[in-house]
Amino acid sequence: MKRSRWVVFSFLFALAVAGGAAAAAKDSDKKDSDKKDSDKKAKAGDKPGSGPAGVTLNACGCYAKGNGCVCTNKKAKCECPGECEPAGCDEKRNKEAEKEYNDAVKQAQDEDKKRADAEKKKIQDEKKKRQDEEAAFEKKRQDEEAAASGGDNAAAGGQEEATDEKTAVKTKKSAKDGAKKK
């Protein structure tokens, strides 16, 4: 039993050591390949013989020559605003600035439109609420009048007849007055 434990533990130890060695070898291979890639990039991007002797290149790979600018790398990036840089960088920068400006204007217009729509909706909601309140008040008033007139129908009918008679008398008087004036 003791021997079988010893065999199992030694086997596990051997596997652990082998796994650690394999991982270390893999990491060292990766570091070597990364180093080679960075060396290739450095050689391709910044060739020491690409410019004339005694001239320092800027980050774009360009140098000033008299009033002009000479770029040694055709794939140079636009990283030197205001300095000597590849052709077309200024136009590219202007296009990007114009696009950003247009996007900002459009966003501001969209926000204004949303704000106006929200204000319009708020006004409509307030108007509808006021109309609903008025309708509820009018209905309540009509219900109260109906309840009040339900008990006073006889008295209300008598008042309506008296009012009709007064109107008829006034009409007759105005007809007589009109005939006299003619």
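Nothing fancy with the numbering, it's 1 onward along the sequence.
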**Study point:** Residues in side-chain hydrogen bond (donor to acceptor under 3.5 Å, both in side chains) contact with D143, at least two apart in sequence or another chain
**Key:**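 In terms of side-chain hydrogen bond (donor to acceptor under 3.5 Å, both in side chains), with neighbours along the sequence ignored, D143 is linked to no residue.
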**Study point:** With sequence neighbours excluded, residues passing side-chain hydrogen bond (donor to acceptor under 3.5 Å, both in side chains) with E145
**Key:** R141
Check your understanding: Under the side-chain contact (heavy atoms from CB on, under 4.5 Å) test, which residues partner A64, sequence neighbours left out?
Key -> none
Point to revise | Gamma sulfurs of C71 and C62 within less than 2.5 Å | key: yes
Compile the donor-acceptor pairs under 3.5 Å between side chains in residues 110-131 and protein atoms, sequence neighbours left out, one pair per line.
residue : atom : partner : partner atom : Å
D112    : OD1  : R115    : NH1          : 2.8

Check your understanding: Any disulfide (SG to SG under 2.5 Å) pairs touching residues 98-133, not counting sequence neighbours?
Key ->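 Found none.
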Please tabulate, for side-chain N and O atoms in residues 81-101, each donor-acceptor pair with protein atoms closer than 3.5 Å (sequence neighbours left out).
residue : atom : partner : partner atom : Å
E85     : OE1  : R93     : NH2          : 2.9
E85     : OE2  : R93     : NH1          : 3.3
E85     : OE2  : R93     : NH2          : 3.1
E91     : OE1  : G88     : N            : 3.4
N94     : ND2  : D90     : O            : 3.4

Review point. Which atom names give the shortest non-hydrogen contact between L57 and Y63, and what distance separates them?
Key: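 Closest heavy-atom pair between L57 and Y63: CD2-CD2, 3.6 Å.
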